[in-house]
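Both counts, for ligands and for their atoms, begin at 1 and track the order of listing.
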Amino acid sequence: MTSPEVGGIGHSVKRNEDARFIQGAGNYVDDIVLPGMLHMAIVRSPYAHAELLSIDSSAAMELEGVVAVVTGELLAEYNLAWMPTLSGDTQAVLVTDKVRYQGQEVAAVVATDPYIARDGALLVDVEYEPLQAITNPMQGLAEDAPIIRTELEDKTDNLVYEWESGDAAKTDAAFAEADRIVTLETHYPRSHPAPLETCGIVADIDPATGHTTLHMTSQAPHAHRTLFALVAGLSEENIRIISPDLGGGFGNKVPIYPGYVIATAASLVIGKPVKWIETRSENLISTGFARDYYMKGELALSNDGKILGLRVDMTSDQGAFFADAQPTQVRAGLFHMVTGSYDFGAAHITTRGVYTNKAPGGVAYRCSFRITEASFLIERLVHNAAHELNIDPAELRIKNFIQPDQFPYESPTGFEYDSGEYERALRLAMDMIGYDDLRKEQAEGPKDGKRLGIGVASFTEAVGAGPSRQYDIVGLKMFDSAELRIHPTGKAILKLGVKSQGQGHETTFAQIVAEELGIPVTDIKVVEGDTDNTPYGLGTYGSRSIPVGGAATAIVARQLREKAKMIAAHLLEASAEDIEWEVPEFFVKGSRDSKVTIQEVAFAAYTNHPEGMEAGLEGVHYYDPPNLTYPFGSYIVAVDVDEGTGQWKVRRMVAVDDCGVRINPMIVDGQIHGGLAEGFAMSSMQQIAFDEDGNCLGSNFMDYLVPTAWETPKFELGETNTPSPHHPIGAKGVGESATVGSPAAYVNAVIDALQDRGVTNIDMPLFTDRVWQAIQDTA
Ligand code: CDP
């Protein structure tokens, strides 16, 4: 292990980026002020489904300070009224025909100050003819349902896609053999990433040169640059995307939203920089949501608790445009990972997506493309199966886990899991929480009207897309890159294709370089989010930064170490084969005193390098992973449920995670804490609902209940660290795991408390009245 001064892998180094954040000196999109900059506000539809009859912008234009009102008609002149989505559909930038969800962009007002722009937006007079709204996919599939996408030629229904995975015949055979079939129907509700910083852009097109600089909230700046070039017909070398500090992303800042395109078009037409900063309600109503999967699962089992097969049917609410941020080759994301941590031979998954009158954009909100929904379903099914078979839920899991000697393990839906020690993780969680004692206490029965429930969830995640042969976003292959330059004085700059939203990249990526080259973490600057100054990459989401960008970083550092070794040999007057490396120096084999530090080598690379060798110590590497990485873990929650009121409280929450080699254990713990808080939020209080007219009922933080530190339970963390066999430093991603794994643990715990009263399911979030109603229904 490197010394704390060097701060390589395994050190809980304090974050380099925090020096500016704790001084309030971060630089966010809304901090950017350019000379002559104008401000934009968007006029949004109050209706979920309505014909657009007319837009009268005369009153707005009369307001002093209003410079322009942008409409769909104007955008159509530039061929920008519609744009492609990340899933290959098209989406309206500004409405030209009809409104398809509440909060859809209808017009935009550009003014000299943000308040005038908002006042101007209120003066734009829009006439609508309301239509019947479709607010869930079952309505959308009904025979007589109004068609939402009337602009698509020959579209006679609201079906977006139908897709299947696995082997139907094999699964039927497994079900025919089963002693018991356990069925569960459940809805994973629509939720929202809700980053602290909403989306925004400062679009700056130089009228003289056409040079376009877009300061925008982007988790994927390079991919966005290419998409802007293709959509807006701008020349790619003339576009620079700068994604400065981001106040959280969680998937919300992956799609391209109409606001970005309208502001860019406005800058192009007016010839001045235009800033658009979304309000909180705009963010919640109209940007990329997550989940909204209606799932039916059937598990085939033998009486002694062996899982034989799984059948799943899923219907997804896609909103008005299919804008999921996910790889092109899959229609329902990686939902077919639904076989989880268990070893059985047969699974068959059928899925369909449906257009509804809601905002589009299923984003990977702290999950790898829909594995959250999948993990939730299998873990709920296994819990219910354990109850039906009268087997302890932990024991049933252990009986069916994929065993360590089965890796690499090919799942029935085609994933190749790289490594896992599932039983070890679960047993550690059981020891930590005192599982046997809790079960004994539970067997003693309710106390003071309170029932103890114990919920287990053992998840496997798949994170770090590529490989590029399988994964691409709108055709852009999912590799990633790192460029490393070591300066003559031994300091370094690392430039990345990924983009932090708060995960601590400026520290952990520097730690990888420190580990490989012995340059102290504090001597390494990490640059991301500026397309003119970083190598091409697909960005950060689905926990791909460390699995892909981290691997690229380790490899480029190793490449430079090879060159450094040649220079060391030259300086030590030895042959390269005789040179050995141990942080922080090169030395001659068998003669430890004959040595040079990496800093001395760096200086020589510019002042005294061997003849015939190129000067400098710089390199770039593009890494295409051979596989995803498969972090896993086991979570156990103990809850007390009041059977009189339905109120439930978390007594203990233990989370054992395995993300392979931990680069910065403190940051990893922080990632897990965040994920666990989000998992708790989704299971207990957080949902975006709609009334029958399509009015969004979760459009502000009074209705959309993001938990504070007050509601959030205390988390107790444990770890097993099984290295990923194919990752250069054995790391797996971690960002998403806790949000994927934990919701089922909470729900299982509440169900566990109530199941001898006959309760087998309550849909999330587990609001008190829902729990109380479930108790009444089975009383
Ligand atoms: O792509 P994103 O950065 O969101 O997710 P990730 O690669 O799963 O990792 C989240 C953060 O946790 C990373 O940026 C690292 O700072 C840290 N990490 C770590 O220290 N060791 C690991 N094995 C994985 C992640």
Check your understanding: With a cut-off of 4.0 Å, which atoms of ligand 1 are near a heavy atom of Thr540?
Key ->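 Near Thr540, meaning under 4.0 Å from one of its heavy atoms, ligand 1 has 1 (O), 2 (P), 4 (O).
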Review point. Between the side chains of Thr217 and Tyr28, is a donor N or O closer than 3.5 angstrom to an acceptor N or O?
Key: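 No - no donor-acceptor pair under 3.5 Å links their side chains.
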Point to revise | Nearest candidate to atom 23 (N) of ligand 1, where distance is taken over non-hydrogen atoms, out of Ile546, Val734, Asp657, Val661 | key: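 Checking each option, the heavy atom nearest atom 23 (N) of ligand 1 is found in Val661.
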Point to revise | Per-atom contacts of ligand 1 with Ile667, taking only distances under 4.0 Å to non-hydrogen atoms | key: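 Checking each atom against Ile667, I get 12 (O), 16 (O), 17 (C).
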Point to revise | Residue selection (non-hydrogen contact nearest atom 12 (O) of ligand 1) among Gln671, Gln501, His505 | key: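 When every heavy atom of Gln671, Gln501, His505 is considered, Gln671 comes closest to atom 12 (O) of ligand 1.
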Exercise for review: Mind telling me whether Phe479 and Tyr536 have parallel, tilted or perpendicular rings, with 30° and 60° as the class edges?
Suggested key: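 Taking Phe479 first and then Tyr536, their aromatic rings sit tilted (interplane angle of 30° to 60°).
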Check your understanding: For ligand 1, which atoms have a heavy atom of Arg544 less than 4.0 angstrom away?
Key ->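 In order of number, 1 (O).
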Check your understanding: Going by the order shown, which atoms of ligand 1 are within less than 4.0 Å of some heavy atom of Thr508?
Key ->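 Ligand 1 atoms under the 4.0 Å threshold to Thr508: 15 (C), 16 (O), 20 (O).
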Practice item. Examine distances only and state if a side-chain atom of Asn748 and a backbone atom of Glu379 form a donor-acceptor pair shorter than 3.5 Å. Key: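 Indeed, once roles are kept as given, a pair shorter than 3.5 Å links the two residues.
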Exercise for review: State whether the side chain of Lys253 and the backbone N or O of Gly248 hold a donor-acceptor pair below 3.5 Å, judged by distance alone.
Suggested key: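 Yes; judged by distance alone, with no hydrogens or angles, the pair exists.
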Review point. Any idea which protein heavy atom is nearest atom 24 (C) of ligand 1, and the distance to it?
Key: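 For atom 24 (C) of ligand 1, the nearest protein heavy atom comes out as Lys732 O, 3.3 Å.
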Review point. Out of Tyr630, Phe376, Phe632, Tyr635, which one pairs with Phe459 under the ring-ring contact (aromatic ring centres under 6.0 Å, His included) rule?
Key: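 The option that passes is Tyr635.
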Review point. Nearest to atom 6 (P) of ligand 1, what protein heavy atom do you find, and at what distance?
Key: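 Among all protein heavy atoms, the one nearest atom 6 (P) of ligand 1 is Ser543 OG, 3.7 Å.
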Point to revise | Aromatic ring pairing His336/Phe415, orientation class (parallel under 30°, perpendicular over 60°, tilted between) | key: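 His336 and Phe415: tilted rings.
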Review point. Does Gly735, backbone or side chain, put an N or O under 3.5 Å from an N or O of ligand 1?
Key: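 Yes, at least one N or O pair falls under 3.5 Å.
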For a quick test of your reading: what N or O donor-acceptor pairs under 3.5 Å do the side chains of residues 470-477 make, sequence neighbours left out?
residue : atom : partner : partner atom : Å
Asp472  : OD2  : Thr328  : OG1          : 2.5
Asp472  : OD2  : Gly475  : N            : 2.8
Lys477  : NZ   : Ser468  : O            : 3.2

Review point. What do you reckon, does Ile663 have a nitrogen or oxygen under 3.5 Å from a nitrogen or oxygen of ligand 1?
Key: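 Yes, there is a polar N/O contact under 3.5 Å.
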Review point. Relative to the heavy atoms of Gly733, which atoms of ligand 1 are at a distance of less than 4.0 Å?
Key: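 So the atoms of ligand 1 that pass are 8 (O).
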Review point. Does a side-chain heavy-atom distance below 4.5 Å link Val656 with Leu426?
Key: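 Answer no - side chains too far apart.
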Point to revise | Non-hydrogen atom of Pro547 closer than 4.0 Å to ligand 1 | key: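 Yes, that is the case, since the closest heavy atom of the residue is under 4.0 Å from the ligand.
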Check your understanding: Under 3.5 Å between some N or O of ligand 1 and some N or O of Gln503?
Key ->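 There is such a contact, yes.
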Review point. To the nearest 0.1 Å, how far is atom 20 (O) of ligand 1 from its closest protein heavy atom, and which atom is that?
Key: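 That would be Asn664 N, 3.0 Å.
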Check your understanding: Considering only heavy atoms of Val668, which atoms of ligand 1 have at least one such atom less than 4.0 Å away?
Key ->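 That gives atoms 18 (N), 19 (C), 20 (O), 21 (N) of ligand 1.
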**Study point:** Close-contact set for ligand 1 against Cys659 heavy atoms, below 4.0 Å
**Key:**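 Per the distance check, 23 (N).
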Check your understanding: Of Arg20, Lys525, Arg15, which meets salt bridge (Lys or Arg N to Asp or Glu O under 4.0 Å) against Glu506?
Key ->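 With Glu506 as partner, Arg20, Lys525, Arg15 yield a single salt bridge (Lys or Arg N to Asp or Glu O under 4.0 Å), made by Arg20.
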Check your understanding: Looking only at atom types and distance, does a side-chain atom of Glu410 sit under 3.5 Å from a main-chain N or O of Pro408, one as donor and one as acceptor?
Key ->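 No, Glu410 side chain to Pro408 backbone: no donor-acceptor pair under 3.5 Å.
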Practice item. Go through ligand 1 atom by atom and flag the ones less than 4.0 Å from a non-hydrogen atom of Ala731. Key: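 Atoms satisfying the 4.0 Å criterion: 23 (N).
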Point to revise | Exercise: do Asp658 and Thr722 side chains pair donor with acceptor under 3.5 Å | key: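 Checked: Asp658/Thr722 side chains pair up, N/O donor to acceptor below 3.5 Å.
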Review point. If you measure from each heavy atom of Gly660 to ligand 1, is any distance below 4.0 Å?
Key: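 Heavy atoms of Gly660 never come under 4.0 Å of ligand 1.
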Practice item. For atom 2 (P) of ligand 1, grab the closest protein heavy atom and report residue, atom and distance to one decimal in Å. Key: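 The answer is Ser545 OG, 3.5 Å.
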Check your understanding: Is a side-chain N or O of Gln219 found less than 3.5 angstrom from the main chain of Gly251, in a donor-acceptor match?
Key ->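 Side chain of Gln219 to backbone of Gly251, a donor-acceptor pair under 3.5 Å: yes, one is there.
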